[in-house]
There are 2 protein chains.
Amino acid sequence: MKKGKEFHTFRGYQILDLEDKILTSSMEDYLEMIYRICMENGYIRINILSRKLNVRPSSTTKIIQKLGILGLVDYEKYGIIRLTDKGKALGNYLLRRHEIIEEFLLNLGVKETLLKDTEMIEHSISPNTLKNFYIFNKFLQENPSISNFYIKFKEKYKNEDIELTYPIK
Amino acid sequence: MKKGKEFHTFRGYQILDLEDKILTSSMEDYLEMIYRICMENGYIRINILSRKLNVRPSSTTKIIQKLGILGLVDYEKYGIIRLTDKGKALGNYLLRRHEIIEEFLLNLGVKETLLKDTEMIEHSISPNTLKNFYIFNKFLQENPSISNFYIKFKEKYKNEDIELTYPIK
DNA sequence: TAAAAATGTTAGTCATAGGAAACTTTATTT
DNA sequence: AAATAAAGTTTCCTATGACTAACATTTTTA
């Protein structure tokens, strides 16, 4: 009987996730970006998407084909990419998740690494943890005095050198 | 001139990280576990480590060889694994990081998925974000009345159905 | 101490998702 | 319309870190 406290490697978790998740982390990133742009523009092309995500078109083609098979985008060779209803629903969730995490990190005081940390955490947390992030955002929103108090509290530690960086080169 | 707002895929970030990071995420998981056990036991063996991380011994052997080359563990074929000073310093940091994140999530109300979320976030955040987590823990610790107030606040939303889960099967 | 069991290693396979190069198709110019 | 440029695709390659199977070594037990 496992105690539910079983450790796994990062890779191990990823492999376990494959079994019950529809999309891999990278596929989610593509879909999220497609959603962002299609909501404005109606469609997107391989090239633009590649540039937005800093990958080569050949990588994008491959992923789009997969998203097509999954019924998340409408797409045929050399054509434009559009979201299906299913793709829209999922894309909307992904963007929402992104925004909750981004606001959460912002509330905590994260700045320079905001985008990267958001994009990495997106793929790391369970729906319930996301909900907790969301509730925390709400908490600060509804209690501005605590929010301000917290901001002042942070200031104290701002320059304090708590060594929380890699100890070796 | 990039605006520092450049998006990347999950994979893209991982590949960028390889350039300036010493260890991959999985290697960090192995080292952290080695540290946990060596601090108690002085050494560890391939088999035990494999069981702890839910991987096969052949996977462990390969990673240990890499950690050996990096000078983080002392190890020779069929022998025991010990941490070098360098390995201890890094392992200590990794465990510390783990514990800060775990406490942070606990403070937010994460329970069932605590271990998995902690292990995933470990590899997702920058040192500065870790520091922000740490400061938040301190904040609640030093302000128990706010901490209690926050716990009550969470209760209100506990059963509220904010749909923050995958919208499709 | 010889046989059996447990432990550890090596070699080869897999999937993901990135890239380069060569090619095809579509769009733009002249 | 033909030539050129841009966009997209395909094929093949790479790395990581899982796995299995076969083999080697060490430890235990009879």
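Remember, predicted model here, so these are calculated numbers, not experimental data. All chains are named by letter (A, B, ...) in the order of the sequence lines, taking the proteins before the strands, and each is independently numbered beginning at 1. As a basis for the values below, the full set of heavy atoms in this structure was taken, side chains included, without hydrogen atoms, waters or symmetry mates.
Note on A:Arg45: every side-chain N or O is 4.0 Å or more away from OP1 and OP2 of D:dA7. Phosphate proximity of C:dT10 to B:Lys77: present, with a side-chain N or O under 4.0 Å from OP1 or OP2. Under 4.0 angstrom from either OP1 or OP2 of C:dA20 there lies at least one side-chain N or O belonging to A:Arg56.
Between A:Asp17 and B:Lys116, at least one side-chain nitrogen of the basic residue sits less than 4.0 Å from a carboxylate oxygen of the acidic one, meeting the salt-bridge criterion. Between B:Glu28 and B:Arg97, at least one side-chain nitrogen of the basic residue sits less than 4.0 Å from a carboxylate oxygen of the acidic one, meeting the salt-bridge criterion.
Protein atom CG of A:Asn47 is 8 Å distant from nucleotide atom C1' of D:dA6, rounded to whole Å. Rounded to an integer number of Å, the gap from B:Ile22 CD1 to D:dT16 P is 16 Å. For B:His8 and C:dG19, the NE2 to C1' distance is 15 Å, given to the nearest whole Å. The distance from atom OH of B:Tyr78 to atom P of D:dT28 is 17 Å, rounded to the nearest whole Å. A:Gln65 has its CD atom 10 Å from the C1' atom of D:dG8, to the nearest Å. Distance, B:Ile46 CD1 to D:dT25 P: 16 Å, rounded to whole Å. Per the geometry, CD belonging to A:Gln14 stands 14 Å off C1' belonging to C:dG18, to the nearest Å. Across the protein-nucleic acid pair, B:Ile69 atom CD1 and D:dT16 atom P stand 11 Å apart, rounded to whole Å.
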N/O to N/O distances under 3.5 Å, protein versus nucleotides 13-17 of chain C:
unit_1, atom_1, unit_2, atom_2, d
C:dA17, OP1, A:Thr24, OG1, 2.1
C:dA17, OP2, A:Lys66, NZ, 3.4
C:dA17, O4', B:Arg11, NH1, 3.0
C:dA17, N3, B:Arg11, NH1, 3.0

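Partner B:Ile44 forms a side chain to side chain contact (heavy atoms under 4.5 Å, CB included) with one of B:Ile64, B:Ile34, B:Ile80, B:Leu83 and no other, that one being B:Ile34.
Counting distance only, with no hydrogens placed and no angle test, the side-chain atoms of B:Ser58 and the base atoms of D:dT20 include a donor-acceptor pair under 3.5 Å.
Between B:Phe139 and A:Phe149, the ring center distance clears the sub-6.0 Å criterion. No close placement of the B:Phe7 and A:Tyr30 rings is indicated, their centers lying 6.0 Å or farther apart.
A distance of 11.5 Å separates CG in A:Leu94 from CE in A:Met27, rounded to the nearest 0.5 Å.
Contacts of B:Tyr93 classified as ring pair (Phe, Tyr, Trp, His ring centres under 6.0 Å), with partners at least two apart in sequence or in another chain: A:Tyr166.
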